Amino acid sequence: MSDKVKIQDDKLSSFFEQVYAVVRLIPKGRVTSYGAIAKYLGTAKSSRMVGWAMNSSHGQTPDVPAHRVVNRNGLLSGKNHFGSPDAMEKLLKKEGVKVKNDQVQDFKKLFWDPALELEL
DNA sequence: CGATTGACGTACG
DNA sequence: TCGTACGCCAATC
């Protein structure tokens, strides 16, 4: 079974890897959106792929703070995919991000744009 | 191998 | 302002 996994792990240049890299750069207590990451990578219209990357981020090392990634509305669209629907919200609150009704409060203020912060 | 789905976003009416 | 349609690419059925 390690055969298939090894092949993917050996590539280390996939679109997913780039997504993981950006997500891991998200400062604690901050959040970003799938579109922002996708745009930063040059695939603004492929924001869905970012979501797919997150889906594969489970078990990645170092741990990918997927809970810091939300949709354009600041809604915890991916909370459903965590171990528990409350895990994502709990993690965000733990980092100082206020979440109400599965929605990030002050999202605009906590928004972390890689294209801006990283100043490519 | 073809059709459908999906942690989104933008465009159009 | 709100609702619907489309695009994008990979994985799954």
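Since the structure is predicted, the reported quantities are computational estimates derived from the model, not experimental observations. By convention in this document, chain letters (A, B, ...) are assigned in the order of the sequence lines, proteins followed by strands, and residues within each chain are numbered from 1.
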Touch class at under 4.0 angstrom, heavy-atom based, for [X] against every strand present:
| X | answer |
| --- | --- |
| A:Asn55 | base |
| A:Ala44 | nothing |
| A:His58 | base |
| A:Thr43 | nothing |

Report the residues that fulfil salt bridge (charged side-chain N to carboxylate O under 4.0 Å, His left out) with [X], sequence neighbours left out, ordered by chain and then residue number.
| X | result |
| --- | --- |
| A:Asp63 | none |
| A:Lys98 | none |
| A:Lys39 | none |

_Pairwise distance CD(A:Gln103) to CD(A:Gln105) - rounded to 0.5 angstrom_ =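 It is 6.0 Å, given to the nearest 0.5 Å.
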*When rounded to the nearest 0.5 angstrom, what is the spacing between OG in A:Ser84 and CD in A:Glu89?*
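Here the rounded value is 12.0 Å.
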*With rounding to whole Å, what would you report as the distance between B:dA7 and C:dG3 at their C1' atoms?*
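23 Å, rounded to whole Å.
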*Which heavy-atom pair separates A:Val23 from A:Ile37 by the least distance, and what is that distance?*
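Reported closest heavy-atom pair: CG2-CD1, 3.8 Å.
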*Begin with the C-alpha distance, continue with both residues' side-chain angles, and end with the deciding distance and a verdict on side-chain contact (heavy atoms from CB on, under 4.5 Å) for A:Leu75 and A:Val70.*
CA-CA 6 Å; A:Leu75 188 71; A:Val70 295; over 6 Å; no
Rounding to an integer number of Å, can you tell me how far [X] [atom1] sits from [N] [atom2]?
| X | N | atom1 | atom2 | answer |
| --- | --- | --- | --- | --- |
| A:Lys39 | B:dG9 | NZ | P | 12 Å |
| A:Asp113 | B:dG9 | CG | C1' | 15 Å |
| A:Arg72 | B:dT10 | CZ | P | 6 Å |
| A:Phe15 | B:dG6 | CZ | P | 19 Å |

*Could you tell me whether A:Arg72 sits above the aromatic face of A:Phe107, with NZ or CZ closer than 6.0 angstrom to the six-membered ring centre and within 45 degrees of the axis?*
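Not satisfied by the 6.0 Å and 45° rule.
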*asked:* Please determine whether residues A:Val22 and A:Val97 belong to a single hydrophobic cluster, defined as Ile, Leu, Val, Met, Phe, Trp and Tyr linked transitively by side-chain heavy-atom distances below 4.5 Å.
replied: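 As far as the 4.5 Å side-chain criterion goes, A:Val97 and A:Val22 are not connected within one cluster.
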*Do A:Leu25 and A:Met54 share a hydrophobic cluster, counting only Ile, Leu, Val, Met, Phe, Trp and Tyr and linking them when any side-chain heavy atoms are less than 4.5 Å apart?*
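Both belong to a single hydrophobic cluster.
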Interface polar pairs with nucleotides 6-10 of chain C, N/O, under 3.5 angstrom:
{"residue": "C:dG7", "atom": "O6", "partner": "A:Arg48", "partner atom": "NH1", "Å": "3.0"}
{"residue": "C:dG7", "atom": "O6", "partner": "A:Arg48", "partner atom": "NH2", "Å": "2.2"}
{"residue": "C:dG7", "atom": "N1", "partner": "A:Arg48", "partner atom": "NH1", "Å": "3.3"}
{"residue": "C:dG7", "atom": "N1", "partner": "A:Arg48", "partner atom": "NH2", "Å": "3.2"}
{"residue": "C:dC8", "atom": "O3'", "partner": "A:Ser46", "partner atom": "OG", "Å": "3.4"}
{"residue": "C:dC8", "atom": "N3", "partner": "A:Arg48", "partner atom": "NH1", "Å": "2.6"}
{"residue": "C:dC8", "atom": "N4", "partner": "A:Arg48", "partner atom": "NH1", "Å": "3.2"}

Between the protein and nucleotides 2-4 of chain C, list the N/O to N/O atom pairs that are separated by less than 3.5 angstrom.
none

*Name of the residue among A:Lys28, A:His67, A:Arg30 meeting side chain to side chain donor-acceptor pair (under 3.5 Å) with A:Glu95*: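 Testing each of A:Lys28, A:His67, A:Arg30 against A:Glu95, the sole residue satisfying side chain to side chain donor-acceptor pair (under 3.5 Å) is A:His67.
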Just the table, please: protein N/O against nucleotides 11-13 of chain B N/O, every pair under 3.5 Å.
none

